[in-house]
Q: 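I'd like to ask you about the structure that follows.
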Amino acid sequence: MAKSGGLAEALEWQFRNEVDKQIRKTHESGQTLYHYTSLQSLMGMIETNNLWMSKGNFLNDSSELIYFSNVLKSVVGKMEIQRETELWQLFIRELEGSMKRFLEGIEGSGFEVYIFSLSYSPDSLALWYNYAKGEGYNLGFDAEELLQKASAFPDESDVLHGLVVYDRQEQELILMNFLIETFKRVVQYEPGDIKKALPRHFLSVIATCAIFFKDPAFKSEEEYRIAYKNTSGTMHSAVRFRAQNGVIIPFITVDFEERLPISHITIGPKNNIDIAKRGIEHYLKSKGYNMKSLSINKSVAALRY
């Protein structure tokens, strides 16, 4: 078997490569990604030239986490049939233990995830309702410029971005591939070294899949996520707080130094179009945005509630 040193590093390197293969990304020139938000958040980002990445809601909201735990249980059940070795049983025990710890005490582990949610959908009724209450704004970002900057902060190796996966069969296949590749790697090491390295590795696998796997019921959102993972517990000094819908939201920022790469703004269907359009135009001009290259329109979604 391999020497004890380096298993954790080998697993980390392998997992990063697998994420690049399994989680689809956008690389198309001229691609636009859309962010639905409130006027308060829009102005906050414009004022500071910062992208606001909110603490991942799956850490506190059980819905996405419960969904992923069911995906994991299904995958483990299918994989246990294939192998009955002692090493495999150790592998599964460590995986299930990591999931239990993730569910019960993620906050105490020092593991944090911050997310900026976007969509390919330029005018989605569901997104207007869920994220802007019909009264907000939809910011269209130049994807290439946005992702290039976001991926460089604060440590490229800890930044993930890609399409959210909604298909259950595809989710299970991605997770199974992650686990199979991990098992292939650990068989070269001693059981003691494996037990020491797997918990942190499985935490990364679980958190990554929890970020990018959502229930098929949300497929219409066509979500694209930028996520920053930190496992060292060193984010405290960078975390800020803002109020939203009566609660306090922790967030971190990505500084664009000059202006955000906004190419389009859509005004929510419940807004007063004339006043809202004049207001946002004057505001953006005052902040140095080129209005000849930035279009402003009203949503055509029929929002009735």
Side-chain angles (χ1 to χ4, degrees), residues 26-54 114-154 159 161 221-226 228 238 240-245 249 251-303:
T26 179
H27 293 290
E28 298 178 26
S29 178
Q31 179 74 56
T32 302
L33 291 169
Y34 301 92
H35 177 67
Y36 293 75
T37 190
S38 67
L39 179 58
Q40 182 180 12
S41 293
L42 179 154
M43 293 183 70
M45 289 189 286
I46 295 292
E47 288 289 334
T48 59
N49 295 316
N50 285 339
L51 203 69
W52 290 3
M53 301 182 70
S54 300
Y114 291 83
I115 294 172
F116 189 70
S117 293
L118 301 125
S119 175
Y120 277 129
S121 180
D123 195 4
S124 165
L125 185 61
L127 290 173
W128 279 122
Y129 179 79
N130 291 335
Y131 299 103
K133 306 304 179 187
E135 303 178 322
Y137 293 77
N138 174 358
L139 305 180
F141 289 96
D142 178 275
E144 188 174 2
E145 187 175 350
L146 177 69
L147 296 172
Q148 182 180 12
K149 182 68 176 182
S151 295
F153 174 86
V159 176
H161 65 86
E221 293 184 352
E222 299 181 78
E223 188 174 358
Y224 194 100
R225 283 182 167 179
I226 303 172
Y228 172 60
R240 305 180 186 182
F241 299 89
R242 59 189 172 90
Q244 179 175 304
N245 298 326
I249 306 295
F251 70 100
I252 61 174
T253 62
V254 180
D255 187 6
F256 278 76
E257 298 177 358
E258 295 182 358
R259 285 174 289 279
L260 298 175
I262 301 172
S263 60
H264 182 82
I265 292 181
T266 302
I267 301 168
K270 288 186 69 177
N271 283 341
N272 183 312
I273 180 60
D274 294 328
I275 297 176
K277 187 173 183 180
R278 287 198 300 269
I280 194 70
E281 285 177 345
H282 283 293
Y283 177 63
L284 292 172
K285 284 179 182 178
S286 74
K287 298 301 175 181
Y289 283 83
N290 182 0
M291 302 310 295
K292 292 181 180 179
S293 60
L294 197 163
S295 61
I296 300 176
N297 298 298
K298 180 174 181 184
S299 166
V300 296
L303 191 62

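If you read the sequence from its start, that first residue is 1, and numbering goes on from there.
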Q: Please tell me if the side chains of V254 and I226 come closer than 4.5 Å, counting only heavy atoms from C-beta onward.
A: no
Q: Kindly write out the residues that satisfy ring pair (Phe, Tyr, Trp, His ring centres under 6.0 Å) with Y289, not counting sequence neighbours, or none if the list is empty.
A: none
Q: Kindly compute the distance separating CG (L118) from CG (N138), expressed to the nearest 0.5 Å.
A: 9.5 Å
Q: Of all heavy-atom pairs between P122 and Y34, which one has the smallest distance, and what is that distance?
A: CB-CZ, 3.5 Å
Q: Taking C-beta and beyond as the side chain, do K277 and K298 meet within less than 4.5 Å on heavy atoms?
A: no
Q: Let me confirm one number: the CG-NE2 distance from L33 to H161, rounded to the nearest 0.5 Å.
A: 10.0 Å
Q: How long is the span from the NE2 atom in H35 to the OG atom in S41, to the nearest 0.5 Å?
A: 6.5 Å
Q: How far does CG of L39 sit from CD1 of I280, to the nearest 0.5 angstrom?
A: 6.5 Å
Q: So, the side chain of D123 versus the backbone of V300: is there a donor-acceptor pair under 3.5 Å, distance only?
A: yes
Q: Can you measure from CG (L139) to CD1 (I46) and round to the nearest 0.5 angstrom?
A: 6.5 Å
Q: Mind checking the CG-CZ spacing from L147 to F116? Nearest 0.5 Å is all I need.
A: 10.5 Å
Q: Heavy atoms only: give me the nearest F256-L146 pair and the separation to one decimal.
A: CZ-CD1, 3.8 Å
Q: For the pair S119 (side chain) and S121 (backbone), establish whether a donor and an acceptor sit closer than 3.5 Å, ignoring hydrogens and angles.
A: yes
Q: Would a 4.5 Å heavy-atom cut-off, applied to side chains only, mark L51 and F141 as touching?
A: yes
Q: What pair of heavy atoms forms the shortest contact from S54 to R242, and how long is it?
A: OG-NH2, 2.6 Å
Q: Please indicate whether E47 has more than 12 foreign heavy atoms, meaning atoms of other residues, nucleotides or ligands, lying under 6.0 Å from its CD.
A: yes
Q: For the pair N50 (side chain) and W52 (backbone), establish whether a donor and an acceptor sit closer than 3.5 Å, ignoring hydrogens and angles.
A: no
Q: Please walk me through it: do I296 and M291 pass side chain to side chain contact (heavy atoms under 4.5 Å, CB included)?
A: CA-CA 9 Å; I296 300 176; M291 302 310 295; 3.6 Å; yes
Q: Would you mind reporting whether E257 and K149 have side-chain heavy atoms less than 4.5 Å apart?
A: yes
Q: Do the side chain of R225 and the main chain of I115 share a donor and acceptor less than 3.5 angstrom apart?
A: no
Q: Checking Y36 side chain against S124 main chain: does a donor-acceptor pair fall under 3.5 Å?
A: yes
Q: Just so I know, are the side chains of Y137 and I267 near enough to count as touching, which here means a heavy-atom distance under 4.5 Å?
A: yes
Q: Side chain of N49, backbone of E258: donor and acceptor closer than 3.5 Å?
A: yes
Q: Going by heavy atoms in the side chains, are N297 and H264 under 4.5 Å from each other?
A: yes
